[in-house]
Amino acid sequence: MHAVGISSLAGGHKTLVPQLVAELEKLGRGDILVFVGGVIPPQDYAFLYEHGAAAIFGPGTVIPESAEKVLEEIYARLGYEEVNP
């Protein structure tokens, strides 16, 4: 598995992201990227990035753009320089 996505609509993002990242690390899977979506206040983005979020997708995110971002992050983690190597 390369990535996991979580969606937070109830304000749990500042708890869920650090806990998920910590559990992945405990399992020796700190290589798995964590993507976050949902109704997340912009002022919380820095906290989420500092705690392991690879990308954050808020309301109104354009699906093809988010898909491209997910692929870019996965390819970068795998050592590829671009999405279409």
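All of these numbers come straight from a predicted model, not from anything done at the bench.
Ring pair F57/F35 is parallel by interplanar angle, where below 30° counts as parallel and above 60° as perpendicular.
Comment: K69 engages E73 in a salt bridge, judged by a side-chain N to carboxylate O separation of less than 4.0 angstrom.
Hydrophobic clustering, with ILVMFWY side chains joined whenever heavy atoms are under 4.5 angstrom apart, groups Y75 together with L33. Under a hydrophobic-cluster definition in which Ile, Leu, Val, Met, Phe, Trp and Tyr are linked whenever side-chain heavy atoms come within less than 4.5 Å, directly or via other members, M1 and V36 are assigned to the same cluster. No continuous path of ILVMFWY side-chain contacts below 4.5 Å connects V70 to L24, so the two sit in separate hydrophobic clusters.
Counting all heavy atoms, side chain and backbone alike, P41 lies closest to V39 at CD-O, 4.0 Å. For H2 against L78, the heavy-atom pair with the smallest separation is CE1-CD2, 4.0 Å. Counting all heavy atoms, side chain and backbone alike, V17 lies closest to A53 at CG1-N, 4.3 Å. I74 and A3 make their closest contact through CD1-CB, 4.2 Å (heavy atoms, listed as atom of the first residue, atom of the second, distance). Considering every non-hydrogen atom in both P59 and G38, the closest pair reads CD-O, 3.3 Å. Considering all non-hydrogen atoms of both residues, V4 and I32 come closest at N-CG2, 4.0 Å.
Residues H13 and I56 have side chains not in contact (no heavy-atom distance under 4.5 Å, counting atoms from C-beta outward).
Every residue was checked against the side chain to side chain donor-acceptor pair (under 3.5 Å) condition with R77, not counting sequence neighbours, and none meets it.
Annotation: salt bridge (charged side-chain N to carboxylate O under 4.0 Å, His left out) contacts involving residues 44-62, sequence neighbours excluded, comprise K14-D44.
Here E23 contributes atom CD and L16 contributes atom CG; the two are 12.0 Å apart, rounded to the nearest 0.5 Å.
Within the hydrophobic cluster formed by Ile, Leu, Val, Met, Phe, Trp and Tyr side chains joined at under 4.5 Å, directly or through other members, I63 stands alone, with no partner residue.
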